[in-house]
Amino acid sequence: MPGNLYNICSNLPATPTRLERLLRDRELRKYSKCLNDCEAELPSSTQDCFSPDLESSTCWFNDEELLEPVSASRSLNDDGERLDFRASKQRLLVVANRLPVSAVRHGEDSWQLEMSVGGLVTALLGVKEFDTRWIGWAGVNVPDEIGQKALAKALDEKRCIPVFLDEEVVHQYYNGYCNNILWPLFHYIGLPQEDRLATTRSFQSQFDAYKKANQLFADVVNEHYEEGDVVWCHDYHLMFLPKCLKERNSKMKVGWFLHTPFPSSEIHRMLPSRLELLRSVLAADLVGFHTYDYARHFVSACTRILGLEGTPEGVEDQGKLTRIAAFPVGIDSERFIKALELPEVQDHMKVLKQRFAGRKVMLGVDRLDMIKGIPQKILAFEKFLEENPNWRNKVVLLQIAVPTRTDVPEYQKLTSQVHEIVGRINGRFGSLTAVPIHHLDRSLDFHELCALYAVTDVALVTSLRDGMNLVSYEYVACQESKKGVLILSEFAGAAQSLGAGAILVNPWNVTEVASSIGYALNMPADEREKRHHHNFKHVISHTAQEWAATFVSELNVTIVEAQLRTRQIPPPLPIEVAVDRYSCSNNRLLILGFNATLTEPVDTLGRKDSQINEWEPKLRPDLQEPLRKLCDDPKTTVLILSGSARNVLDDNFSDYNLWLAAENGMFLRVTTGDWMTTMPENLSMEWVDSVKNVFEYFTDRTPRSQFEVRETSLIWNYKYSDVEFGRLQARDLLQHLWTGPISNASLDVVQGRRSVEGAAIDRILGEIVHNKGMKEPIDYVLCIGHFLTKDEDIYTFFEPELPSEVPASVRPQVPTQVRTSTAGSRAALLLKQNSMSAVEQNKSYSIDGDTLHLMVTDRISFQEGSSVLDLQANDYFSCSVARKRSNSRYRLQSSDEVVTLLRELADHR
Ligand SMILES: O=P(O)(O)OC[C@H]1O[C@H](O[C@H]2O[C@H](CO)[C@@H](O)[C@H](O)[C@H]2O)[C@H](O)[C@@H](O)[C@@H]1O
Ligand SMILES: O=c1ccn([C@@H]2O[C@H](COP(=O)(O)OP(=O)(O)O)[C@@H](O)[C@H]2O)c(=O)[nH]1
């Protein structure tokens, strides 16, 4: 989950870390909710917050409830006084293509507002903690001023603000670019197959309209924006919006959330406007997705297509970090549960039960969209009937297919296709008195839908891809008494959350879906109960309210962090001084990066995607001579520290007398010796937090799995979980770890019998000191490299002035056996007794059945108190190469300047 809440101590330091800020926020929310809940128990006269009217059956939410004005959340201050949060409620501008209501015109200045259908609206209507205004399109063309004014007024009562789009823009932007290009592509359906030239032309004009529409949304946001507002942009319709907003006001807090899947970068790269869209989204401060998979795809699109740096936190471009995280949405479960008690809903339930007495009822509720897999669902049902004649008069499928995007030709084709299949099957298996499929081409009101959810035996969700699928959540919420079975597509985001209780299916496999129908219909009561229980627990504890609160909280914290981490551009390295101090010193350590430091500069973006991975760095020829001289100087130790693989360093440096650390320090060797493995032990907190987030996310969604934090490792154990589901989740978890938070970290993931483990160590320095048997302390350190953000700790590792009580978030991670003491302006490196040398920790593997064990052995310890570093502040030079912002003390423009510097040093023995 985003906003990991571990490692929180009660004594918060003066500068709280991100985690601490998030925790405070969450605690405050919980407290506030708790008070609200208590107030809900009081007689209504004592409440000053609005109670939703659930009596309305004509629309989902009544007027006041639609966007409930600020409710009174109360808390106590430190002195026990009551505080009213009303004044401090944060203003939230929700910007989405779709408003929660769609407008129908009844006269020149008269409008009727109807509830919009779709998961985005459902999710956002659950958001009640903020002072919210909703900006969007009312789903209708209003060319005249009188109409626009009247509609704006009607919407204002619901705290909605319209964006007026003319018919042509809607056609090109909404029907065209959004629903005919982005929607199918993001759901892996591909791009439209039309005449090539026509397609190219329409791509361009539709993309232009898309940008224009996004600018119109931005204009309305700007008009209503007040300083301090959070602007939360939603979905694929508004990928261009973050850029438009930030260009106008770089201080605006902008978040963007995608409700659909984000596809693999291989799919995204098909999009002609792939670069522009990614860059525009990255202008946001926080970018959210329903699942880690989608987030990972997005990060890899940014790294592969834009050539940017992916970090565990997000994507970094020239020192600007866009935070990327998973925020799985939920529903307002209480609303559904309470609705079941209402007389209207009870009446509907009674009618339905009578109508289908003696038959099992299966339910499908979808917008009539190709991603929902409606034909596949119906064909599977047909196959089930075909293979199970005994069920033919005993089961019925109710399919609610809400018309959607009806101006898009693909949707029109789908409607005819579905009608045709339903007709054929009803003709084949129906009788004079009953048909096996009841297909409704319309939406239902809230009460009817709740009743349907409550009385049906099986829900069938067969999406071919689906961002989340809230219908599955709603079904579970309404099944507390019946304990019906959920058959759920593994391609819906919800599969990751509800997979423990659902029967997961591949909707393309009609045979599998048909047999799952049989399994569900015959499932014994105790199994149904167990499965339902898992899912119900999840649905009521992961609500839409919590989703929004977490997102906004994370956005606020991201902004504070960005301000904190705004780093100075370091001054140019004073080469003369560096050389002068070098010549005065007796035991020097030179830590040199490789890529972009000792190699020719490479322009990543100038090369094609496929070339990025293939390029192999080569030591600059003009560096060979100075480097050899430096390596041969007995007073100088040279360490090449690189992300490159061992063979790359071997190829370039085998002939030199120096130390090589490959794969970001995972492997180490002196060129006269063999490669050794360094076993990560001291975890960088940044790294650990991201991994914990992932572990927590999966633990939360995999019943009976646990995760454990050990001194040197994190373990996720699913041996008590359902075997199949556990394996499935482990696979997703692993995949996410590899390509996401740990893609660049120095650690190993080990898969044992049903467990996933990771650990990290950085002890290279101790090994060098030990191996060389240094008698004199190191009195000069020069560290230069094009180290990326995640590796920048190397620059501050030796900082003599570093205060010892700096908060963990800004303190460089110092291995436990290597500590800098900060007496005066000197740093002393002490190696403590019983600490292990990195190199003496040898990893060995053994395979036992399907278990891979990893063992660590230690052999050597250092003498207590031996001081190996005696560094004056002015004998330490950390220097970044070709980076705009950095934690280093100095900078060099390019590797050309590195050549100049190393030549000079080589000439001063
Ligand atoms: O606004 P429409 O064009 O009529 O379409 C309705 C909505 O469809 C999509 O919903 C998605 O959001 C849900 C909630 O996050 C999610 O559960 C579902 O899987 C998605 O398909 C679309 O993303 C929305 O923008 C539309 O409003
Ligand atoms: O007649 C209907 C049928 C469905 N829905 C709602 O539409 C949403 C569908 O959301 P989901 O996430 O399942 O898919 P989406 O349509 O957003 O792709 C759910 O909240 C349903 O309750 C509705 O309002 N009226």
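Just so you know, these numbers use all the heavy atoms, side chains as well, and skip hydrogens, waters and symmetry mates. Start at 1 and go down the list; that is how both ligands and their atoms are numbered.
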With a 4.0 Å cut-off on N to O distance, would you call Asp293 and Arg296 a salt bridge?
yes
Indicate the ring-plane relationship of Tyr453 and Phe336, choosing parallel, tilted or perpendicular according to the 30° and 60° boundaries.
tilted
Can you report which non-hydrogen protein atom sits closest to atom 4 (O) of ligand 1, along with the distance?
Arg98 NH2, 3.3 Å
Quick one: which ligand 1 atoms are inside 4.0 Å of a heavy atom on Thr260?
23 (O)
Pick from Val365, Asn469, Leu125: the one approaching atom 3 (C) of ligand 2 most closely through a non-hydrogen atom:
Val365
If you take the centroid of each ring, where Trp contributes its six-membered ring, are Phe203 and Tyr177 closer together than 6.0 Å?
no
Parallel, tilted or perpendicular: rings of His419 and His439 (30°, 60°)
perpendicular
Closest to atom 10 (O) of ligand 2 among Ala544, Ser472, Gly119 (heavy-atom distance)
Gly119
Considering non-hydrogen atoms of the protein only, which is the closest contact for atom 19 (O) of ligand 1, and what is the distance?
Asp466 OD1, 2.5 Å
May I ask you to check whether Leu470 has an N/O atom sitting below 3.5 Å from an N/O atom of ligand 2?
yes
Any ion pair linking Glu410 and Lys413 (charged N to carboxylate O, less than 4.0 Å)?
yes
Given His290, His187, Arg367, which one has a non-hydrogen atom that is nearest to atom 18 (O) of ligand 2?
Arg367
With a 4.0 Å cut-off on heavy atoms, does His234 reach ligand 1?
no
Element-labelled atoms of ligand 1 that are located less than 4.0 Å from some non-hydrogen atom of Trp183:
9 (C), 21 (O), 22 (C), 23 (O)
Would you mind reporting whether Tyr210 and Gln172 have side-chain heavy atoms less than 4.5 Å apart?
no
re atom 27 (O) of ligand 1, the protein heavy-atom contact at minimum distance is Leu120 CB, 3.9 Å
Can you tell me if Asp156 uses its side chain to pair, donor with acceptor, with the backbone of Arg159 under 3.5 Å?
no
Are Phe257 and Asp235 packed together at the side-chain level, in the sense that at least one heavy-atom pair is separated by less than 4.5 angstrom?
no
May I ask you to test the Ile503-Arg531 pair for a side-chain heavy-atom distance under 4.5 Å?
yes
Just which atoms of ligand 1 are under 4.0 Å from any heavy atom in Asn469?
16 (C), 17 (O), 19 (O)
Counting from 1 in the order shown, the ligand 1 atoms closer than 4.0 Å to a non-hydrogen atom of His290 are 15 (O)
I'd like to check which ligand 1 atoms, numbered from 1 as shown, lie under 4.0 Å from a non-hydrogen atom of Gly119.
13 (C), 14 (C)
Just which atoms of ligand 2 are under 4.0 Å from any heavy atom in Ser443?
1 (O), 2 (C)
Considering only protein heavy atoms, which is closest to atom 6 (C) of ligand 1, and at what distance to one decimal place?
Arg367 NE, 3.5 Å
Heavy-atom contact check, 4.0 Å cutoff: does Lys372 meet ligand 2?
yes
Between Phe327 and His542, is the gap from one ring center to the other below 6.0 Å?
no
A student checking ligand 1 against Gly467 at a 4.0 Å heavy-atom cut-off should list atoms 19 (O)
Answer yes or no for Glu474: is there a heavy-atom contact with ligand 2 below 4.0 Å?
yes
Would you mind checking which non-hydrogen protein atom is closest to atom 2 (P) of ligand 1, with the distance to 0.1 Å?
Tyr174 OH, 3.4 Å
Part of Val402 within contact of ligand 2 (heavy atoms, under 4.0 Å)
side chain
Is it true that Lys253 and Asp285 have a side-chain N and a carboxylate O under 4.0 angstrom from each other?
no
Heavy atom of the protein closest to atom 23 (O) of ligand 1 (residue, atom name, distance):
Asp235 OD2, 2.5 Å
Residue, atom name and distance, where the atom is the protein heavy atom closest to atom 20 (C) of ligand 1
His259 O, 3.5 Å
Is the shortest side-chain N to carboxylate O distance from Lys338 to Glu341 below 4.0 Å?
no
Could you tell me if the ring centre of His534 sits under 6.0 Å from that of Phe536?
no
What about Ile371: any of its N or O atoms under 3.5 Å from an N or O on ligand 1?
no
Please determine if Thr122 has a nitrogen or oxygen closer than 3.5 Å to a nitrogen or oxygen of ligand 2.
yes
Passing option when Tyr174 is tested against Arg98, Gln206, His237 for side-chain hydrogen bond (donor to acceptor under 3.5 Å, both in side chains)
Arg98
Could you label the plane-to-plane angle of the Phe551 and Trp232 rings as parallel, tilted or perpendicular, counting under 30° as parallel and over 60° as perpendicular?
parallel
At what distance is the nearest protein heavy atom to atom 5 (O) of ligand 1, and which residue and atom is it?
Arg405 NH2, 2.9 Å
His259/His234 aromatic ring centres below 6.0 Å
yes
Quick one: does Val471 get an N or O within less than 3.5 Å of an N or O on ligand 2?
yes
Just heavy atoms, cut-off under 4.0 Å: does Ile331 contact ligand 2 by side chain, backbone, both, or neither?
neither
Are any of the N/O atoms on Phe336, whether in the backbone or the side chain, positioned under 3.5 angstrom from an N/O atom of ligand 2?
no
